[in-house]
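First the structure, in the form of structure tokens, and then the observations on it.
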Protein chains: 2
Amino acid sequence: MSLKQVHNTLERLCNLLRVEAREQGAGGGLLPVQLEALHYLFQCNRYSDTVQGVTEYLGQTKGTVSQTLKVLENRGLITRHPDSSDRRLVHFRPSRSGRRQLAHAVPARFLSAALETKSATETQQLADDLIELLRTAQETRAMKTFGACKTCRFNERVASRFRCGLTGESLSKPDTEKICREHQYPEAC
Amino acid sequence: MSLKQVHNTLERLCNLLRVEAREQGAGGGLLPVQLEALHYLFQCNRYSDTVQGVTEYLGQTKGTVSQTLKVLENRGLITRHPDSSDRRLVHFRPSRSGRRQLAHAVPARFLSAALETKSATETQQLADDLIELLRTAQETRAMKTFGACKTCRFNERVASRFRCGLTGESLSKPDTEKICREHQYPEAC
DNA sequence: TATAAAAGTATCGAGTCGAAACATAAAGAG
DNA sequence: CTCTTTATGTTTCGACTCGATACTTTTATA
């Protein structure tokens, strides 16, 4: 039954990601979870780089995430920025050394090596298939999608720039490439 | 760059697998790692159901794995079988209640739901692509493949039955569907 | 026969993780 | 405008993971 095959192979690929993350992180004394949090902060936009954002993404509790971010901050891999308008909020951004550390770990070497033998179109096809899988999985479970801003139903085009229909704020093009915790795909119907 | 897309999406899918494993396992008081070990023991053949086998598969140390298996045994999810010929070896097999517990967790519900909307051939195509990706990834890193016995270069056909060229033992058809720690794909050349 | 290697167990310490309690700030109700 | 509720984040505690190390027993090798 190919459904189980998909599950088993995905699980195995996850193991490899984790094993490699362990090796990579070991260099800088980081654990897989910490690398994942760092990776998320690198990808997400300014509405999503908070404790709550990481919490929803990693599926852990906010207490745990708070600890993880404290470690990353102590090692100088991320910086802390209290929100100017809402004083409950704290934003975290990868520092230069955080981004450098991340560049070693993403993409995983075993993935680079495996996809090296494939053509660009084949790789793109695989990426599209996986994204499609992820998307339908998230829709059916009514979970947060964390998609790129530019694929969001709230994203509005204003002249040559963009605008978020939720916050009303104006967005640059790079802004719309980042992932957002409020992201929703357009309605299928 | 689609290589990073593949990495990011895979990482996200891993998160979902883990989140769901946490929910599922929480019912029986199991942690994600323990479920993974149980799942491995369910899939592997009689040469691979040892502490060392699980160790190589999960990429942890044998001390850790020994602990994990002790927990699973104490909860009655696996049974312990000392090897008859080599008295250093201990085999572990999922019990009835272990298999029942596993049936709840595999395949993950979000995967079932997502692939439900696809045709059988599309699902099979995705499975094949992932298996292919896994295979080349493992080849390039010279790591253990843990493939199904029937795809192994040591597998020999004898009349209507099979035989392992490494151990010399005769194998049944179901035997050859299980995964093995000594597995090697046939040479590409 | 002596030595080395392999499989597994036991123990310790650092760190993850979830749960719960807590603090602070914003939003809402009357 | 005050009181209550809700949201974000931190701290603390206990259970557990995980790697490192030392150890035992058994098998393989020189």
Side-chain angles (χ1 to χ4, degrees), chain A residues 15 18-19 21-38 41 44 46-75 78 80-92 167 181-182, chain B residues 15 18-19 21-38 41 44 46-75 78 80-92 167 181-182:
Chain A
N15 275 329
R18 254 190 127 65
V19 166
R22 226 189 296 268
E23 290 172 7
Q24 279 299 320
L30 288 186
L31 293 163
V33 194
Q34 296 165 343
L35 264 181
E36 280 185 61
L38 185 59
L41 289 175
C44 75
R46 60 174 180 270
Y47 307 135
S48 315
D49 58 356
T50 62
V51 171
Q52 189 63 23
V54 180
T55 297
E56 290 164 3
Y57 187 84
L58 292 185
Q60 301 175 342
T61 61
K62 55 186 179 175
T64 301
V65 170
S66 184
Q67 301 265 20
T68 301
L69 295 184
K70 196 160 64 175
V71 171
L72 290 177
E73 190 187 2
N74 288 341
R75 309 222 175 146
I78 60 177
R80 164 185 297 258
H81 307 272
D83 191 282
S84 50
S85 61
D86 187 334
R87 296 205 293 178
R88 290 173 303 182
L89 292 182
V90 189
H91 300 271
F92 294 91
T167 66
R181 52 181 285 223
E182 304 290 356
Chain B
N15 275 329
R18 252 189 130 63
V19 166
R22 224 189 297 268
E23 289 172 7
Q24 278 300 320
L30 287 187
L31 294 162
V33 195
Q34 296 165 343
L35 262 182
E36 281 186 61
L38 185 58
L41 289 176
C44 75
R46 61 175 181 267
Y47 307 135
S48 315
D49 57 356
T50 62
V51 171
Q52 189 63 23
V54 179
T55 298
E56 290 164 3
Y57 187 84
L58 292 184
Q60 301 175 341
T61 62
K62 54 185 181 176
T64 301
V65 170
S66 184
Q67 301 266 21
T68 300
L69 295 185
K70 195 160 66 175
V71 171
L72 290 178
E73 190 187 1
N74 288 339
R75 308 223 175 146
I78 58 177
R80 165 185 295 259
H81 306 273
D83 191 282
S84 50
S85 61
D86 186 334
R87 297 204 293 179
R88 291 174 303 182
L89 292 182
V90 189
H91 300 271
F92 295 91
T167 65
R181 53 181 285 224
E182 304 291 355

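Please read all numbers here as calculations on a predicted model, not as lab measurements. Order of the sequence lines sets the chain letters (A, B, ...), proteins ahead of strands, with each chain counted from 1.
- B/Q60 CD to A/N15 CG: the interatomic distance, rounded to the nearest 0.5 Å, is 8.5 Å.
- Whole-Å rounding puts the A/L69 CG to D/dT10 C1' distance at 12 Å.
- For the pair A/Q67 CD and D/dC13 C1', the interatomic distance rounds to 11 Å; values are reported in whole Å.
- Within 4.0 Å (heavy atoms only), B/V71 reaches no atom of the nucleic acid at all.
- Counting non-hydrogen atoms under 4.0 angstrom, B/V65 reaches nothing in the nucleic acid.
- A/L58 places its CG atom 14 Å from the C1' atom of C/dG18, with the value rounded to the nearest Å.
- The residue among B/L31 and A/F92 whose nearest nucleotide of DNA chain D lies closer to the 5′ end is A/F92.
- For the OP1/OP2 pair of C/dA27 and a distance below 4.0 Å, the side-chain nitrogens and oxygens of A/R88 include no atom meeting the criterion.
- No engagement by B/T55 is indicated, since no non-hydrogen atom pair under 4.0 Å with the nucleic acid exists.
- Exactly one of A/L38, A/T50, A/V54, A/V51 qualifies for a side chain to side chain contact (heavy atoms under 4.5 Å, CB included) with A/F92. That residue is A/V51.
- Rounding to the nearest 0.5 angstrom, the gap separating the CG atom in A/L89 from the CZ atom in A/R46 is 13.5 Å.
- Looking at which nucleotide of DNA chain C each of B/K70 and A/T64 is closest to, the 5′-most match is held by B/K70.
- Close to C/dA23, at under 4.0 Å from its OP1 or OP2, lies no side-chain N or O of A/R87.
- Regarding contacts with the backbone of C/dG8, every side-chain N or O of B/R80 stays at 4.0 angstrom or more from both OP1 and OP2.
- When rounded to the nearest whole Å, the span between NE2 of B/H81 and P of C/dG8 equals 14 Å.
- If you take NZ of B/K62 and P of D/dG19, they are 14 Å apart, rounded to a whole angstrom.
- One interatomic measurement links the two molecules: CG of A/L89 to P of C/dA25, which rounds to 12 Å at whole-angstrom precision.
- Straight-line distance from the CG atom of A/L35 to the P atom of C/dG15: 16 Å, rounded to whole Å.
- Each of A/R22 and A/G53 was matched to the nucleotide of DNA chain D holding its nearest heavy atom; the match closer to the 5' end belongs to A/G53.
- Residue contacts for A/T50: at a heavy-atom cut-off of 4.0 Å it reaches the sugar-phosphate backbone alone, with no base atom in range.
- If you measure from atom CD of A/Q34 to atom C1' of C/dA14, you get 12 Å, rounded to the nearest angstrom.
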